[in-house]
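Below is one structure; the comments refer to it alone.
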Number of protein chains: 2
Amino acid sequence: MRIRVAECTVRYEGRLNAFLPMATRLVMVKADGCVAVHADGGAYKPLNWMNAPNTLTEDDDMWTVLNPKGEKLIIEFGEIHFETDLEMGEDPGLQKDGVELELQRLLAERPETFGVGMALIRREYPTPIGPVDLLCRDGDGTTVAIEIKRRGEIDGVEQLSRYLEFLNRDTRLAPVRGIFAAQEIKPQAKLLAADRGITTVEVDYDDLRGSDSEVMKLF
Amino acid sequence: MRIRVAECTVRYEGRLNAFLPMATRLVMVKADGCVAVHADGGAYKPLNWMNAPNTLTEDDDMWTVLNPKGEKLIIEFGEIHFETDLEMGEDPGLQKDGVELELQRLLAERPETFGVGMALIRREYPTPIGPVDLLCRDGDGTTVAIEIKRRGEIDGVEQLSRYLEFLNRDTRLAPVRGIFAAQEIKPQAKLLAADRGITTVEVDYDDLRGSDSEVMKLF
DNA sequence: AGTTCCATGTCGCGG
DNA sequence: CCGCGACGTGGAACT
């Protein structure tokens with residue numbers, strides 16, 4: 001990784017045009033060729049950048065970064081305060097844990113969370129426009145499509161609506177009703193769901209995890 | 001801005017849990033207190049980070065970053081290869097040009113782009129679920145709701161559909177038809193729009209800007 | 001503060 | 001390679 005701290009101006013021409021007046025900034029060039037220009041503030045996002053793949057041309061006090069899409073990043077340097085180049089090697093990468101899939105797994109194990117007699121048909125039930133998180137049958141024998149989100153927003157309701165549209169064309173399943181489940185559902189999403197005849201359910205992740213541990217303890 | 005390149009492990013506990021095994025990485029601490037851990041590759045996004053506001057506690061070879069929401073970032077250092085701390089001063093900030101609002105402004109000035117006799121009623125016409133970009137009346141006196149995006153994708157069609165749903169409940173406006181305008185419209189979005197009876201229009205930003213300059217020159 | 005929508009979103013997966 | 005959905009989305013604008 002190459003790091004240069006210097007006075008510079010930056011011009012980006014691509015999906016939009018942008019310009020940075022002369023100031024002191026950090027320019028980072030990673031091993032994969034991606035370039036990022038950081039100010040000393042403003043979260044982790046750089047002011048300007050160019051992702052790999054690209055080509056960096058160094059020309060006197062000017063760097064030109066081009067990518068195959070025709071985007072261009074031009075950095076013109078003034079005084080260079082500091083520069084270094086360090087070997088860092090491969091990164092083993094990030095291990096994550098505890099997102100939507102986990103919630104889905106927990107709820108798939110406990111369909112009765114959504115009503116007495118609710119039974120799972122299958123997870124990730126395929127439709128032409130993508131898989132429904134859970135497809136179930138309720139106590140009355142009605143098919144139920146369940147969409148699960150960590151945070152329930154209007155998009156999720158739209159997504160479920162589209163699934164329902166398609167599922168209801170399948171005469172073997174129709175009529176299909178919808179349940180929208182999330183840890184927290186925004187008022188606007190609740191409103192739209194109600195308007196569409198979709199039930200909303202707020203689920204408690206810790207409770208689910210807790211009862212999961214309970215179940216585990218029995219074995 | 002403080003920069004340290006060192007062997008380290010990183011643990012994040014917050015909205016999810018994540019762990020980085022020991023490896024050489026760059027740790028950046030900006031003036032506003034935000035912390036970012038970068039590998040030598042993978043675009044501009046850090047492997048792990050903590051945005052301001054937060055508190056950094058240095059304890060021997062371990063840094064603990066806490067934020068008011070209870071999220072936690074723990075960095076444990078091994079060998080330190082390099083460290084520096086540089087003054088960079090305020091950044092004048094990025095000047096952008098050519099985004100959605102600009103497109104909206106240009107099209108609001110030229111409603112006839114969407115058909116002969118098209119007249120603007122107002123920009124950002126309010127509905128209970130958000131403002132419609134342009135509300136117009138066409139040559140036949142029919143109300144037209146126009147949604148403008150830089151890139152036309154399925155979400156935009158959904159958004160316009162929702163607006164139309166609400167606008168058509170207003171007996172003073174109904175029937176309202178929809179136009180979906182963007183510099184570029186994805187095939188899937190066109191398909192969905194057609195299915196919903198929404199017209200799609202691809203507009204040329206440079207043409208619009210050009211004719212804008214023309215208009216300017218007349219005065 | 002809460003909510004909505006934009007973004008040079010980025011990223012990963014599956015067709 | 002495109003389409004599509006998730007993201008610790010982040011960030012701005014507006015109520």
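Letters A, B, ... are given to chains in the order of the sequence lines, protein chains preceding strands, and every chain is numbered from 1.
Taking only side-chain nitrogens and oxygens, Trp49(A) never comes nearer than 4.0 Å to OP1 or OP2 of dG9(C). Arg162(A) has a side-chain polar atom (N or O) that falls below the 4.0 Å cut-off from OP1 or OP2 of dG5(D). Residue Lys45(B) places no side-chain N or O under 4.0 Å from the OP1 or OP2 atom of dC11(C). Look at Asn48(A) and you won't find any side-chain N or O under 4.0 angstrom from OP1 or OP2 of dT8(C). Gln159(A) has no side-chain polar atom (N or O) that falls below the 4.0 Å cut-off from OP1 or OP2 of dC4(D). For the OP1/OP2 pair of dG10(D) and a distance below 4.0 Å, the side-chain nitrogens and oxygens of Arg15(B) include at least one atom meeting the criterion.
Summarising the geometry, the separation between CD1 on Ile185(B) and P on dC2(D) is reported as 18 Å, rounded to the nearest angstrom. Atom OH of Tyr163(A) is separated from atom P of dC4(D) by 11 Å (rounded to the nearest Å). Computed from coordinates, the Asp133(B) CG to dC6(C) C1' distance equals 12 Å when rounded to whole Å. The separation between Asn51(B) atom CG and dG8(D) atom P is 13 Å, rounded to whole Å. The CD atom of Glu153(B) sits 13 Å away from the P atom of dC2(D) (whole-angstrom rounding). When the C1' atom of dC7(D) is taken as reference, atom OH of Tyr12(B) falls 11 Å away, rounded to whole Å. Taking atom CD on Gln95(B) and atom C1' on dA12(D), their separation rounds to 18 Å, with Å as the unit. One can place CD1 of Ile148(B) at 13 Å from P of dA7(C), the figure rounded to the nearest angstrom.
Taking atom P on both nucleotides, dC4(D) is separated from dG8(D) by 22 Å, rounded to a whole Å. Annotation: dC11(C) and dG11(D) have their P atoms spaced 15 Å apart (nearest Å). To the nearest whole angstrom, the two C1' atoms, one in dA7(C) and one in dC7(D), are 13 Å apart.
Within the nucleic acid shown, Gly42(A) comes within 4.0 Å of sugar-phosphate atoms alone, with no base atom in reach, counting heavy atoms only.
Ring-centre distance between Phe77(A) and Trp63(A): below the 6.0 Å cut-off.
Minimum heavy-atom separation, Ile179(B) to Leu160(B): O-CD2, 3.4 Å.
Residue order along DNA chain C, read from the 5' end via each residue's closest nucleotide, puts Gly14(A) first among Gly14(A) and Ala43(B).
With rounding to the nearest 0.5 Å, the separation of CG in Asp133(A) from CD in Glu147(A) is 4.0 Å.
The number of heavy-atom neighbours closer than 6.0 Å to CD of Glu90(B), taken from other residues, nucleotides and ligands shown, is 12 or below.
Proximity of a side-chain donor or acceptor of Asp40(A) to a complementary backbone N or O of Ala31(B) within less than 3.5 Å is detected.
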